[in-house]
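Taking it in order: structure first as structure tokens, then the write-up.
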Amino acid sequence: MVNLINYTKKGLADLPSNPILKFSDYASKIPDVIKFTLGEPDFDTPEHIKQATIKSVTDNHSHYAPSNGTIGLRKAAANFLAEKYGQKYDPETEVLVTTGVSESIFDTVLACLNQGDVMVVPTPVFPLYMSDANIINKGVEIVKVDTSDDGFKLTPEKLQAVLDQYGERVRMLVMNYPTNPTGVTYTQDELDALADVIRDKPIFALCDEIYSELCYDGPHASMEKSLHDQVIVMNGVSKAWAMTGYRIGIVCAPKGVLEQIAKVHQAIVTTEPTPMQDAAEEAFKNGMDDSKPMKEEFQKRRDALYKGLTEIGFECAKPEGAFYIFAKIPEGLEQDDNKFIYDLVDKAHVAVTSGSCFAKGGEGYIRFSYAVAMAEIEEGLKRIAKYVEEYKK
């Protein structure tokens with residue numbers, strides 16, 4: 001009998017399954033567990049967007065849309081980005097609709113990197129960027145830059161050091177801000193300084209800005225403002241409108257670059273479901289400020305969770321955006337974060353995500369998502385405090 005597994009794509013066998021999903025499945029089997037693991041808003045999609053979805057179906061928008069997305073959605077998205085962040089993209093030629101930002105990342109990595117190229121990734125960070133590069137398996141080298149000693153922000157000095165070491169092989173810089181898992185974001189001055197390091201070099205800046213509407217302590221900044229011709233901006237409706245299941249992302253780039261990314265999209269997806277695109281158009285067009293009540297609630301939760309964790313003895317980077325807190329495991333407790341999360345969920349029935357899932361700099365940390373009700377945050381803190389008191393050596 002032929003073992004066809006041996007004939008699947010080389011490299012996939014060495015690629016581990018998603019440990020975040022694996023642990024989440026384990027934790028879900030525990031009675032009365034409080035899960036700080038979910039990376040999606042626990043709010044309902046706004047009613048006007050639901051009605052737009054229903055109307056789209058009723059109006060029989062059930063056929064293929066243009067491959068790059070409906071022009072209505074592309075215009076609405078371009079206008080939203082221009083109004084909110086001053087980002088200027090031509091909806092006809094510089095905006096592409098994808099299956100969430102997940103597909104935006106995959107398409108961009110496949111379109112822009114060749115064998116021998118170097119992709120620079122500040123870590124800790126959500127692992128999808130690196131997984132995609134490994135799946136594509138074209139001999140791309142991933143250089144992870146540990147930012148844990150710099151407030152979880154990439155510095156111009158560390159970026160320049162990578163360029164000095166790898167030279168012209170560096171072809172892509174990955175930037176996610178506000179950042180998953182830390183909630184840390186960058187000021188415009190900080191992004192401008194990073195842009196200066198790669199300016200006029202053949203380096204793409206992949207800027208994942210999906211949490212742009214969830215910035216708490218100041219306006220959202222973007223590298224696009226200072227480096228438009230080299231930046232590929234990604235955004236979407238998942239986080240700001242609680243539309244994770246609609247699976248609509250947006251990727252924006254200069255015309256020539258977007259044309260290449262669109263070729264990958266055409267080959268693997270063709271187009272997105274038309275009703276979902278109509279819903280996303282409604283979000284961008286008539287939901288400019290829909291995220292405000294959600295953001296206010298997230299900020300209250302952030303403050304409560306941050307205060308509670310620091311009082312228990314966790315060191316945390318205070319989040320400036322998104323809905324995550326990255327906390328260092330206190331001394332006297334199990335320092336292997338992968339072991340710690342299983343011990344915590346088994347004994348305290350509290351589920352968190354191990355920091356090691358997010359690569360270099362995440363070891364010894366755990367990620368909390370505060371996309372949970374305030375009552376669960378309060379109860380979770382009580383359970384964690386009791387656990388620390390009982391098991392800290």
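Residue numbers count from 1 along this sequence.
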Between [X] (side chain only) and [Y] (backbone N and O only), is there a donor and an acceptor less than 3.5 Å apart?
X    : Y    : result
S356 : G362 : no
T45  : K50  : no
R74  : L96  : no
S28  : S24  : yes
N60  : S62  : no
S67  : T270 : yes
R247 : M276 : no
K201 : V197 : yes

| query | Between K84 and D289, is there a salt bridge with N-O shorter than 4.0 Å? | reply | yes
Is the centre of the [X] ring less than 6.0 Å from the centre of the [Y] ring?
X    : Y    : value
Y26  : Y342 : yes
F340 : Y391 : no
F152 : Y365 : yes

Counting neighbours of [atom1] on [X] that are heavy atoms of other residues, nucleotides or ligands and sit closer than 6.0 Å, is the number greater than 12?
X    : atom1 : result
Q260 : CD    : yes
K382 : NZ    : no
Q266 : CD    : yes
K22  : NZ    : no
K75  : NZ    : no
K158 : NZ    : yes
K347 : NZ    : yes

Please tell me if the side chains of [X] and [Y] come closer than 4.5 Å, counting only heavy atoms from C-beta onward.
X    : Y    : value
H61  : K55  : no
T353 : P181 : no
D32  : E379 : no
S354 : F23  : no

request  = Check the pair K255, E259 against salt bridge (Lys or Arg N to Asp or Glu O under 4.0 Å), reporting the backbone distance first and the verdict last.
outcome  = CA-CA 6 Å; K255 180 177 181 292; E259 286 174 349; 2.8 Å; yes
Yes or no on ring-ring contact (aromatic ring centres under 6.0 Å, His included) for Y211 and Y324, after CA distance, side-chain angles and deciding distance? CA-CA 11 Å; Y211 296 101; Y324 307 106; 5.8 Å; yes
The ring pair (Phe, Tyr, Trp, His ring centres under 6.0 Å) partners of Y89 (sequence neighbours excluded) come to H228
How long is the straight-line distance from [atom2] of [Y] back to [atom1] of [X], given to the nearest 0.5 Å?
X    : Y    : atom1 : atom2 : value
D337 : L344 : CG    : CG    : 12.0 Å
N180 : D208 : CG    : CG    : 9.0 Å
E320 : T182 : CD    : OG1   : 8.5 Å

Quick one: side chains of residues 100-108, donor-acceptor pairs under 3.5 Å with protein atoms, not counting sequence neighbours, listed by atom name and distance.
unit_1	atom_1	unit_2	atom_2	d
E103	OE1	T99	N	2.6
E103	OE1	T99	OG1	3.3
E103	OE1	H265	ND1	3.4
E103	OE2	H265	ND1	2.8
S104	OG	T98	OG1	2.6
T108	OG1	S104	O	2.8

Hits for salt bridge (Lys or Arg N to Asp or Glu O under 4.0 Å) against K88, two or more places apart or cross-chain, chain-then-number order -> none
Note to self: Using the rule given for salt bridge (Lys or Arg N to Asp or Glu O under 4.0 Å), can you reason through K292 versus E296, listing the C-alpha separation, both sets of side-chain angles and the distance that settles it, and then say yes or no?
What the structure shows: CA-CA 6 Å; K292 282 187 176 180; E296 289 172 2; over 6 Å; no
Between D229 and R199, is a salt bridge (Lys or Arg N to Asp or Glu O under 4.0 Å) present by the stated rule, with each step listed?
CA-CA 9 Å; D229 290 344; R199 189 180 308 282; over 6 Å; no
